[in-house]
Every structure is written in structure tokens, then in C-alpha cells.
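Numbers for residues simply follow the sequence, beginning at 1. Numbering of ligands and ligand atoms starts at 1, following listing order.
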Amino acid sequence: MTLVNLAAILKHAQIGGWAVGAFNCNNLEILQAIIRAAEAEVSPVVVQASQGAIKYAELNYIAVLALEAARSASVPVAVHLDHGTSFEQVVRCVRAGFSSVMIDGSHLPLEENVALTRRVVQLARPVDVSVEAELGRIGGTEDDITVDEREAFFTEPDEAAYFVESTAVDALAVAIGTAHGRYRGTPRLDFERLSRIRARVAVPLVLHGSSGVPADAVREAISRGVCKVNIDTDIRQAFTGKIREVLAGAPAEIDPRKVLGPARETAVDVICEKIRLFGGSSHAKDV
Ligand code: G3H
Ligand code: 13P
Ligand code: ZN
């Protein structure tokens with residue numbers, strides 16, 4: 001269909017009570033898998049570039065590939081910066097043609113996060129680029145902290161209300177018990193907190209660190225106001241798992257396409273399943 005911004009998708013997700021899948025893209029094969037899965041499910045989708053992806057694949061390559069994928073896809077696609085680190089990086093992504101950016105000032109004191117996020121909104125809104133911000137700290141499963149220490153970083157509903165009012169962001173990423181990477185145990189989400197945030201904040205909420213979160217918990221989070229669900233680790237695991245399997249069965253294989261092609265197909269299956277779980281299937285025509 002076309003390149004759209006994140007707000008255009010989230011508006012319909014919020015009304016319809018479903019969530020858009022936001023999938024991290026590190027290379028051509030994963031990008032193709034994201035688009036093929038979204039087309040198979042007739043769902044809008046977000047292709048996002050993380051800091052690691054930008055370092056690995058370079059912003060100019062990611063932008064050209066993802067923007068072309070969006071323009072030629074049969075479904076609406078937002079091209080989004082994941083965990084943007086600075087105003088300058090946002091400017092680079094906007095200039096490259098991204099339709100959406102995340103500015104992650106969650107490590108900053110509240111007022112500095114507000115100031116940075118406001119500055120990004122002032123840049124992005126006039127050129128129709130959506131802005132996601134983060135309040136509270138999501139962190140990684142590898143962080144060496146206790147459950148209590150992690151809870152100290154959870155999003156405070158009153159602060160969320162103040163933050164959204166002060167910044168006018170399009171979407172807010174919340175810390176309610178998820179973390180990036182592979183979980184050691186089963187993550188426990190603070191649904192009650194999510195509902196208190198929802199009661200104070202009108203903008204769509206974003207769940208990061210969603211790989212490895214049980215399906216029922218993901219559904220519950222969506223029913224309580226999450227409209228964008230971020231997935232990276234589950235795709236990486238399936239993709240590299242298939243590469244291992246193919247090479248184990250054909251150790252003499254030298255053609256990368258024979259190895260990466262099956263991995264791409266596996267990624268399509270994983271992403272289709274996520275889109276179905278998030279309730280995005282058949283919603284392409286809403287946007
Ligand atoms: O932000 C979450 C991503 O999964 C981190 O990915 O290692 O590519 O920066 P990265
Ligand atoms: P996972 O590591 O759980 O896939 O989270 C991805 C994410 O939140 C990207 O921003
Ligand atoms: Zn994240």
C-alpha cells in the first residue's frame with residue numbers, strides 16, 4: 001500500500017482494540033520476512049531499526065531498503081527508529097525518510113526527558129513524522145539487577161500523565177515488567193499499573209521486550225491499552241536457529257542464499273503468528 005506514519009496505524013488499533021506488530025530489521029532477509037508476513041496477514045506493520053541495526057547495516061542502507069519495501073508493499077508500513085539516542089539521530093532519520101521515530105530519554109531525569117522529547121516532537125510533527133517516547137526504564141534481561149530494583153524503574157501513572165501532557169507524543173513506551181532479550185524465567189507484568197497508566201494517559205501505549213512474554217499476557221496487555229508490540233529477540237532466535245539447522249544438514253554448503261532463504265521463511269512464520277496474536281490480521285484496509 002504505502003508508507004504511513006505510526007499515528008495513522010495506532011489511531012485504528014486503539015479504536016479496534018488490537019496492536020500493531022513492530023518488528024526489528026537487521027538485514028534484507030528479515031525486512032522481506034516482515035513485509036511478507038504482514039502481506040500474508042493483510043495487516044499494517046512497523047519496520048524498526050535499532051541502534052545495533054544502524055551500526056551493523058548503516059542508516060542509509062536500512063532507509064533505502066525499508067522505504068522501498070514500504071512503498072511497494074500491499075499493506076501500510078511505518079518505518080520507525082527504535083530507541084533513538086539523540087535529537088541529531090532523529091534529524092538523520094527524518095531526513096532519510098523515516099515516517100516515525102522513538103526518542104528514548106528514559107535514562108534522563110524527568111525534566112530532561114520532557115525537554116528532549118518536546119524538541120523532537122517540535123521537529124517531527126510539522127513533517128508528519130510520529131514520535132514515541134519512553135518513561136520508566138525497560139532495560140535488558142542481561143542487566144544484573146533484582147526484581148525489586150527493576151520495579152523501581154516502572155512507569156509511574158502520575159508522571160506518565162504529566163509527561164504526555166508536556167510533550168504531546170503520539171505513543172508512550174511503558175515499563176511494567178518486560179525487558180529486552182531472552183528471559184531467564186517467565187516475566188510477570190504489572191497489569192494493574194498498566195491500567196492505572198491507561199486511565200491517566202490517552203495516547204496509545206507501547207510494550208517493549210515482548211519476545212518470550214506468554215501469549216495470554218500479551219493479550220491482556222493489549223486489552224488494557226497496549227497498541228504497539230515490539231519484537232526482535234524471537235525473530236533473531238528463529239532466524240539463527242534455522243541457519244544452524246540448515247548448516248548442520250549441509251556442512252559443505254557455500255551459497256548464502258541456500259542458508260538465509262530458509263531462515264527468511266522461518267522468520268515469516270514467526271512474524272505471522274505474532275501478528276495473529278496481536279489481532280492485526282485483516283486490518284490493513286482500516287488505515
Ligand atoms: O531495543 C531492542 C533491540 O532488541 C536491541 O537491539 O542490539 O540491535 O540494538 P540491538
Ligand atoms: P525483545 O528483545 O523482547 O524482542 O524486544 C524488542 C524491543 O523491545 C525493541 O525495541
Ligand atoms: Zn525496546
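- Taking each heavy atom of A22 and K228 in turn, the nearest pair found is CB-CE, 3.5 Å.
- Nearest heavy atom pair, residue D82 against residue M102, reads OD1-SD, 4.0 Å.
- Rounding to 10°, one obtains 100° for the angle at the Zn ion (ligand 3) between NE2 (H83) and NE2 (H180).
- The protein non-hydrogen atom at the shortest distance from atom 9 (O) of ligand 1 is G52 N, 2.8 Å.
- Minimum interatomic distance between A160 and T155 (heavy atoms only, all atoms of both residues): CB-CG2, 4.1 Å.
- Residue contact check: H83 has heavy atoms under 4.0 Å from atoms 10 (O) of ligand 2.
- Under the 30°/60° scheme for interplanar angles, the aromatic rings of H83 and H180 are found to stand perpendicular.
- Contact annotation: for S210 versus ligand 2, heavy atoms closer than 4.0 Å belong to the backbone alone.
- In this structure, the protein non-hydrogen atom closest to atom 10 (O) of ligand 2 is D82 OD2, 2.7 Å.
- Close approach of ligand 2 to H208 (heavy-atom distance below 4.0 Å) involves ligand atoms 8 (O), 10 (O).
- Atom-to-atom distance recorded for I62:CD1 and Q48:CD is 11.5 Å, nearest 0.5 angstrom.
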Would you check, one step at a time, whether the test salt bridge (charged side-chain N to carboxylate O under 4.0 Å, His left out) holds for D234 with R182?
CA-CA 8 Å; D234 280 343; R182 190 89 345 260; 2.5 Å; yes
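- Ligand 2 has no N or O atom lying under 3.5 Å from any N or O atom of D234, backbone or side chain.
- A side chain to side chain contact (heavy atoms under 4.5 Å, CB included) with Q89 is found for exactly one of V94, I103, I54, V120, namely I54.
- At a heavy-atom cutoff of 4.0 Å, ligand 2 is contacted by the side chain of N24 but not by its backbone.
- Those atoms of ligand 1 that come under 4.0 Å of a heavy atom in D232, given as number and element, are 3 (C), 4 (O), 6 (O).
- At distances below 3.5 Å, not a single donor-acceptor pair connects side-chain atoms of R150 with backbone N or O atoms of F154.
- Taking every non-hydrogen atom of G181 and a distance limit under 4.0 Å, the qualifying atoms of ligand 2 come out as 2 (O).
- In terms of protein heavy atoms, atom 7 (C) of ligand 2 is closest to H180 CD2, 3.3 Å.
- In this structure, the side chain of E39 engages the main chain of S74 through a donor-acceptor pair within 3.5 Å.
- Taking every heavy atom of A53 and a limit of under 4.0 angstrom, the matching atoms of ligand 1 come to 8 (O).
- Scanning the protein for heavy atoms near atom 8 (O) of ligand 1, the closest one is S50 OG, 2.5 Å.
- Distances below 4.0 Å separate heavy atoms of D82 from the following atoms of ligand 1: 1 (O), 2 (C).
- The protein non-hydrogen atom at the shortest distance from atom 2 (O) of ligand 2 is T233 OG1, 2.6 Å.
- Its N, O or S atom nearest to the Zn ion (ligand 3) is what matters here, and for H208 that atom is ND1.
- Here the heavy atom of the protein found nearest to atom 2 (C) of ligand 1 is H180 CD2, 3.5 Å.
- Side-chain atoms of H12 come within 3.5 Å of backbone N or O of D286 as a donor-acceptor pair.
- In the model, E132 has a side-chain atom that pairs as donor or acceptor with a side-chain atom of H208 under 3.5 Å.
- Annotation for ligand 1: atoms under 4.0 Å from non-hydrogen atoms of R236 are 4 (O), 5 (C), 6 (O), 7 (O), 8 (O), 10 (P).
- When non-hydrogen atoms are compared, ligand 2 lies under 4.0 Å from the backbone of I231 (N, CA, C, O) but not from its side chain.
- Proximity of a side-chain donor or acceptor of T266 to a complementary backbone N or O of F239 within less than 3.5 Å is not detected.
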Applying salt bridge (charged side-chain N to carboxylate O under 4.0 Å, His left out) to R196 and E192, what does each step give before you reach the verdict?
CA-CA 6 Å; R196 284 194 287 124; E192 197 261 330; 3.1 Å; yes
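- Counting only heavy atoms of the protein, atom 1 (O) of ligand 1 lies nearest to H83 CD2, 3.1 Å.
- The nearest protein atom to atom 8 (O) of ligand 2, hydrogens excluded, is given as G209 N, 2.9 Å; this is a heavy-atom distance.
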